[in-house]
Engineer: 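So that we are looking at the same thing, I have put the structure below in structure tokens.
Letters go in sequence order (proteins before strands), and every chain restarts at 1.
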There are 2 protein chains.
Amino acid sequence: MAEGTKGADTRARIVQAAIETLRAEGYAGASARAIAATGGFNQALIFYHFGSVRDVLIAALDRTSEERMAAYRAAAAEATDLVELTRVAGRIYREDLASGHVKVMVELIAGASSDPELAPAIVARVEPWIAFAREQVARFAETSPLGSMAPPQDVAYAVVALFLGLELLSHLEGDTARTERLFRLADGLAATITALGLVPPTGGGGAS
Amino acid sequence: MAEGTKGADTRARIVQAAIETLRAEGYAGASARAIAATGGFNQALIFYHFGSVRDVLIAALDRTSEERMAAYRAAAAEATDLVELTRVAGRIYREDLASGHVKVMVELIAGASSDPELAPAIVARVEPWIAFAREQVARFAETSPLGSMAPPQDVAYAVVALFLGLELLSHLEGDTARTERLFRLADGLAATITALGLVPPTGGGGAS
DNA sequence: GTCTATACTTGGATAGAC
DNA sequence: GTCTATCCAAGTATAGAC
């Protein structure tokens, strides 16, 4: 990598503008012209650097996804029990709602319906998140009573679905209060599950 | 109502075509031309009968929403405890995933970002679903220990978010197996909550 | 590598014949 | 009430000057 610096800079500016446009206008509003207007550069640059609008949108998801995955991994590594994991998950997810990462993902998942060539690219970028959630749930639930009642894979799928759905609802009306209450509720739920002995009070290997 | 019959018939055909197009092509693919091609009628009819594409999409959500709300109300009325409510919710929601009602709603919520005039109309049509979920949760949880731990309003919000998120994920790859497992998991969870005495074993007023 | 100009396509919407 | 024809705006993408 490190090819010319100037080209890489411009690519980054385009990707950044694509992210901002997806956040503000959604998939249907993320045209080459709209992205160029957001970033203050020429529309033709998108095609020179990425070849198509679709490919710059995929690059946008790659960029936020890598950045946020790093944040989630770092935060998860700090958690040594389910209560802590729930708390950091809430904290990081709230950052996401604000930063727009989940919005970018949700818009691209919804938009994939209209573009058969986009769909497989989005699938490939959503699955790592489900796998990551499964890893984290498994750290505390795999060998516990909870793990046999609720397979980590299924819990992880539900958690990711819940996060995506919360994004849809909370940005529809701009209501963050309800989401806030839900995370406090989740903290209480994690404490209850731990108190009931369904999950070990501490432990779980380090996050990978 | 009952105005000319012919006009009402055509309106219904257009709305039906809009629903099918939203299901198959998503919001970004639901153009007037695409809807007309799906329904086999002229594109100009949409503007004659509805004035704009936006308004026919809103009518599409109205139609599925009314129809599905009736189905949910009827099903919920049968449930006399939380276990039954969970089971019927799963059954009805699986019908929805297949029929496409949730898909229509999700696509319009996501699409609302790109059309400021669409957003308030969608908000007004999503809120009744959150209110309905709250009513149902409250029937069994309001005066129980669960109700004081987890306010029905917040639980309802989470349930709706989960349903919307499951739609996004399950239709992204066409994976219905994971959703199936989740509903069996929910059945078990409802049974556990009841066994723990967090919720009355029977009761809850009739559904409105 | 970036800009201007432009070709071509699709989409929203209307006019006017039937 | 429905269809054909058409206008115009917006979108993707490319060619070619700089």
Engineer: Whole angstroms only, please: what is the CG-P distance between B:L57 and C:dG11?
Structural biologist: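 Roughly 13 Å, once rounded to whole Å.
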
Engineer: In whole angstroms, how far is the P atom of D:dC3 from the CD1 atom of B:I14?
Structural biologist: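 After rounding, the gap between these two atoms is 10 Å.
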
Engineer: For the side chain of A:L45, starting at C-beta, report the closest nucleotide among C:dA13, C:dC3, D:dT14.
Structural biologist: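 It is C:dC3.
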
Engineer: For the OG atom of B:S52 and the CD1 atom of B:I58, what is their distance to the nearest 0.5 Å?
Structural biologist: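 Spacing of OG (B:S52) from CD1 (B:I58) equals 7.0 Å.
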
Engineer: If you check the B:H49 side chain, which of C:dG12, C:dT4, D:dG1 turns out closest?
Structural biologist: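 Per side-chain heavy atoms of B:H49, the pick is D:dG1.
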
Engineer: Can a donor-acceptor pair be found, under 3.5 Å and without considering hydrogens, that links the side chain of B:S144 to the backbone of B:L198?
Structural biologist: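 Yes; at least one donor-acceptor contact below 3.5 Å.
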
Engineer: Whole angstrom is fine here: how far is it from CG in A:D9 over to C1' in C:dT2?
Structural biologist: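 My rounded result for the distance is 14 Å.
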
Engineer: Figure out the CG/P separation between B:D55 and C:dG12, and round it to whole Å.
Structural biologist: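 B:D55 atom CG is separated from C:dG12 atom P by 13 Å.
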
Engineer: Could you state the atom-to-atom distance from CZ of A:F50 to C1' of C:dT2 in whole Å?
Structural biologist: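 Value for this atom pair: 15 Å.
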
Engineer: Give every residue pair that meets the ring pair (Phe, Tyr, Trp, His ring centres under 6.0 Å) criterion with at least one member in residues 85-105 of chain A, sequence neighbours excluded.
Structural biologist: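 Found A:Y93-A:F163, A:Y93-A:F183, A:H101-A:W129.
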
Engineer: Is the backbone N or O of A:T21 less than 3.5 Å from a side-chain atom of A:E25, with the two atoms forming a donor-acceptor pair by type?
Structural biologist: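 No, because the side chain of A:E25 does not come within donor-acceptor range (under 3.5 Å) of the backbone of A:T21.
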
Engineer: From the set D:dA13, C:dT14, D:dT2, return the single nucleotide nearest to any side-chain atom of B:Y48.
Structural biologist: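 It is D:dT2.
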
Engineer: Between atom CD1 in A:I46 and atom P in C:dG1, what is the gap in whole Å?
Structural biologist: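 Going from A:I46 (CD1) to C:dG1 (P), I get 16 Å.
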
Engineer: From CD of A:Q43 over to C1' of C:dT6, roughly how many Å is that when rounded to an integer?
Structural biologist: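 Spelled out: CD on A:Q43 to C1' on C:dT6 is 11 Å.
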
Engineer: Pick the nucleotide of DNA chain D nearest each of A:G51 and B:R33; which residue has the one closer to the 5' end?
Structural biologist: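 Looking at DNA chain D, the more 5' nearest nucleotide goes with B:R33.
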
Engineer: Provide, to the nearest angstrom, the distance between the CZ atom belonging to B:R54 and the C1' atom belonging to C:dG12.
Structural biologist: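 That distance rounds to 11 Å.
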
Engineer: If you look at every strand shown and take non-hydrogen atoms under 4.0 Å, does B:A44 touch a base, only sugar-phosphate, or nothing?
Structural biologist: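 Base contact.
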
Engineer: Measuring from the side chain of B:F47 (C-beta onward, heavy atoms only), which nucleotide among D:dG1, C:dG12, D:dC3 has the closest atom?
Structural biologist: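 Closest nucleotide to the B:F47 side chain: C:dG12.
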
Engineer: If you compare every side-chain N and O of B:T10 against the phosphate oxygens of D:dT2 (OP1, OP2), does one of them come in below 4.0 Å?
Structural biologist: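 Checking B:T10 against D:dT2: at least one side-chain N or O falls below 4.0 Å of OP1 or OP2.
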
Engineer: Any Lys/Arg nitrogen of B:R23 or B:E107 sitting under 4.0 Å from an Asp/Glu carboxylate oxygen of the other?
Structural biologist: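 Not counted as a salt bridge, because no side-chain N and carboxylate O are separated by less than 4.0 Å.
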
